[in-house]
Amino acid sequence: MMAPQHLPSTRMAALGMLLGLLVISWVTVCLSCKNSNDFALTSTEKSIHKESETKETRGEEEQDTEVLEVFQPTQEWQALQPGQAVPAGSHVRLNLQTGAREVKLQQEDKFQNNLKGFKKGKRLDINTNTYTSQDLKSALAKFKEGAEMENSKDEQARQATVRQLFRPIEELKKEFDELNVVLESDMQIMVRLINKFNSSSSSLEEKVAALFDLEYYVHQMDNAQDLLSFGGLQVVINGLNSTEPQVKEYAAFVLGAAFSSNPKVQVEAIEGGALQKLLVILATEQPLTAKKKVLFALCSLLRHFPYAQQQFLKLGGLQVLRSLVQEKNAKVLAVRVVTLLYDLVTEKMFAEEEAELTQGSSPEKLQQYRQVHLLPGLREQGWCEITAHLLALPEHDAREKVLQTLGALLATCRDRYRQDVQLSRTLNSLQAEYQALASLELQEGEDDGYFRELLASINSLLKELR
């Protein structure tokens, strides 16, 4: 700038005025800046914030419009790269050593995360253990094929052996059809056997075989009663009239099995004339085997049937049995007859005792037994002496049964026994014999021996006869 003394005055005046205006303007501007300073700063910050928010909004909009890379978490911690999206439910942590974010998958939420990913249309995880139905069918087919291949040679050999031992079921069915095998009930079998026995065209062997098979079935009470329903019982009873001893023998065999403990059949047999026919066979000349079977049928008919016992006495049954016992070579029958008499005597005795204890609970049955006059008939027919003489039999079992019968008849035959010298000698001889045998039993340590019991029976009988 030039010094003021070198300028003209006019110029100086103009410059002064210009300088004054500049100073005034500068002062005005300073005052204005001071009053509006706060406003100016605020406006600047708002402007800056608005620009930042605008940029962030634009950034989010830009990010939404982009498809972010989805991070696939595993069971191990992995570093998360910038810009990668994390599936919901994943574990996220900050590695303090490296400063990086790390992610891993939760085990319990793996299936849920996969499901969420599929719902969103994004493939978040792939389960390599998932199988289709076709895969399962293929695996099952391979398993069956492998199981068949695992059969050992020993197993195959065993199967081959089984095939040799057993025949196929189809082959067996075919053979049964060819044989025309038909299952029959017991009733049908009995009807067929009776028809076979009653047929005039059947041979003796066929009739005997039919009766033999029939005896097996009538052991059952129901079958024996069914025999009545179609008249089979009467057919067998009529077989006792046959001229063939074998037919009589096996007909009596069937009847004895049917009568046993079967009151209904016993009643029908009495009405059908079985008792008379049995006594006729015993009273006539017949083979011993036939008389054994007939005596068996008679015993089955009389036991526990007081009405049949009455008819037996009326028809002279005791005389028939006495003749039977006195026959030669009939010792076996004699023991059976004595056993039958013992059963009939004790049966009536027990029935009367039972009626007294129960005060006449079954008066009709007791009345029937009281009409059976067995003991007087035995005394009159000489059974006291007959029974005493049978004590001389050599078998211990036969002696035991005779001793039992002697004891049952003691009240009726006491005086006859005392008069029988042979009976006294026999009892004394048996007493000495059984004393020796009983001593041997004691030495062997048998306190309740068989021979001691026989000895006690002999001693008791001797005491009663003194």
Side-chain angles (χ1 to χ4, degrees), residues 197-198 200 202-212 214-215 233-260 266 269-303 308-344 374 377-378 380-395 398 401-402 405:
F197 169 71
N198 201 33
S200 58
S202 298
S203 64
L204 176 62
E205 292 76 12
E206 290 175 340
K207 291 184 177 183
V208 171
L211 291 173
F212 182 81
L214 184 62
E215 188 271 339
L233 181 68
Q234 190 62 49
V235 172
V236 179
I237 292 174
N238 294 336
L240 296 174
N241 296 328
S242 175
T243 57
E244 295 290 342
Q246 278 190 306
V247 174
K248 294 179 180 180
E249 176 183 348
Y250 283 94
F253 192 38
V254 173
L255 294 175
F259 297 159
S260 182
Q266 288 175 325
I270 288 293
E271 295 179 355
L275 179 60
Q276 295 90 327
K277 292 178 172 59
L278 292 173
L279 291 176
V280 168
I281 296 174
L282 291 176
T284 57
E285 191 71 26
Q286 300 291 338
L288 181 61
T289 56
K291 288 192 174 183
K292 285 181 180 180
K293 296 294 192 298
V294 172
L295 184 59
F296 162 67
L298 179 65
C299 294
S300 299
L301 181 60
L302 296 181
R303 285 191 176 99
Q309 295 173 18
Q310 296 176 29
Q311 299 301 315
F312 168 76
L313 295 176
K314 290 180 181 180
L315 293 173
L318 291 178
Q319 293 91 324
V320 173
L321 294 182
R322 183 182 62 184
S323 301
L324 186 64
V325 169
Q326 292 175 346
E327 290 181 2
K328 296 180 180 180
N329 301 323
K331 299 300 181 183
V332 176
L333 298 180
V335 175
R336 296 185 182 184
V337 169
V338 169
T339 304
L340 171 62
L341 296 178
Y342 171 78
D343 292 341
L344 297 181
L374 180 61
L378 291 173
E380 294 175 1
Q381 297 293 329
W383 281 98
C384 297
E385 293 79 9
I386 294 173
T387 307
H389 294 164
L390 291 175
L391 194 59
L393 293 173
E395 296 82 8
K401 293 176 180 178
V402 173
T405 307

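Both backbone and side-chain heavy atoms feed into the values below; hydrogens, waters and symmetry mates do not.
- Taking every heavy atom of both residues into account, F197 and G239 meet most closely at CZ-CA, 4.1 Å.
- With sequence neighbours left out, C384 forms a disulfide (SG to SG under 2.5 Å) with C413.
- Screening residues 317-327 for side-chain hydrogen bond (donor to acceptor under 3.5 Å, both in side chains), with sequence neighbours left out, gives K291-E327, R322-Q381.
- Contact between I237 and G272 at its shortest, heavy atoms only, is CG2-O, 3.8 Å.
- Listed by chain and number, the residues in a side-chain hydrogen bond (donor to acceptor under 3.5 Å, both in side chains) with N238 are Q234 (sequence neighbours excluded).
- R303 pairs by the salt bridge (Lys or Arg N to Asp or Glu O under 4.0 Å) definition with D343, not counting sequence neighbours.
- When side chains are defined from C-beta on, L374 counts as touching L318, because their heavy atoms get closer than 4.5 Å.
- For the pair A308 and L302, the tightest heavy-atom approach, listed with the atom from each and the gap, is O-CD2, 3.6 Å.
- Listed by chain and number, the residues in a side-chain hydrogen bond (donor to acceptor under 3.5 Å, both in side chains) with Q309 are E347 (sequence neighbours excluded).
- Among residue pairs with one or both ends in residues 273-284, those qualifying as side-chain hydrogen bond (donor to acceptor under 3.5 Å, both in side chains) are T284-Q286; sequence neighbours excluded.
- Annotation for P245 and A290: closest pair O-CB, 4.3 Å, computed over non-hydrogen atoms.
- Among L282, V325, L324, V338, the one residue that satisfies the side chain to side chain contact (heavy atoms under 4.5 Å, CB included) test with L333 is L324.
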Using the rule given for side-chain contact (heavy atoms from CB on, under 4.5 Å), can you reason through W383 versus L341, listing the C-alpha separation, both sets of side-chain angles and the distance that settles it, and then say yes or no? CA-CA 10 Å; W383 281 98; L341 296 178; 3.5 Å; yes

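- By the side chain to side chain contact (heavy atoms under 4.5 Å, CB included) test, F253 is found to be paired with E215, Y250, K293, F296, residues two or more places apart in sequence or in another chain being considered.
- For the atom pair NZ of K314 and CD of Q311, the computed distance is 5.0 Å after rounding to the nearest 0.5 Å.
- Between the CD atom in Q246 and the CZ atom in F212 there is a gap of 12.5 Å [rounded to 0.5 Å].
- Contact annotation: the side chain of F312 never approaches that of L301 to less than 4.5 Å [non-hydrogen atoms, C-beta and beyond].
- Qualifying side chain to side chain contact (heavy atoms under 4.5 Å, CB included) partners for K331, counting only residues two or more places apart in sequence or in other chains: L393.
- Not a single salt bridge (Lys or Arg N to Asp or Glu O under 4.0 Å) links K248 to another residue, sequence neighbours left out.
- Looking only at side-chain heavy atoms (C-beta outward), L288 and V332 stay at 4.5 Å or farther from each other.
- Nearest heavy-atom pair, A251 versus L240, reported as atom, atom and distance to 0.1 Å: CB-CD2, 4.1 Å.
- Shortest non-hydrogen contact noted between T387 and V402 is O-CG1, 3.3 Å.
- In this structure, NZ in K401 is found 12.5 Å from CG in L390, a value given to the nearest 0.5 Å.
- Counting only heavy atoms from C-beta outward, the side chains of V280 and V320 never approach each other to under 4.5 Å.
- Interatomic distance, L275 CG to Q266 CD, rounded to the nearest 0.5 Å: 11.5 Å.
- Separation of atoms CG (L340) and OG (S300) is listed at 10.0 Å; rounding is to 0.5 Å.
- Partner L321 forms a side chain to side chain contact (heavy atoms under 4.5 Å, CB included) with one of L279, I386, L298 and no other, that one being L298.
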Should L255 and L233 be marked as a side-chain contact (heavy atoms from CB on, under 4.5 Å) after you check the CA-CA gap, both sets of side-chain angles, and the distance that decides it? CA-CA 8 Å; L255 294 175; L233 181 68; 3.6 Å; yes

Exercise answer: donor-acceptor pairs, residues 202-209 side-chain atoms, under 3.5 Å, sequence neighbours excluded:
residue: S202; atom: OG; partner: K196; partner atom: O; Å: 2.7
residue: S203; atom: OG; partner: E206; partner atom: N; Å: 3.3
residue: E206; atom: OE1; partner: S203; partner atom: N; Å: 3.0

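- For E385, the side-chain hydrogen bond (donor to acceptor under 3.5 Å, both in side chains) partners are R416, not counting sequence neighbours.
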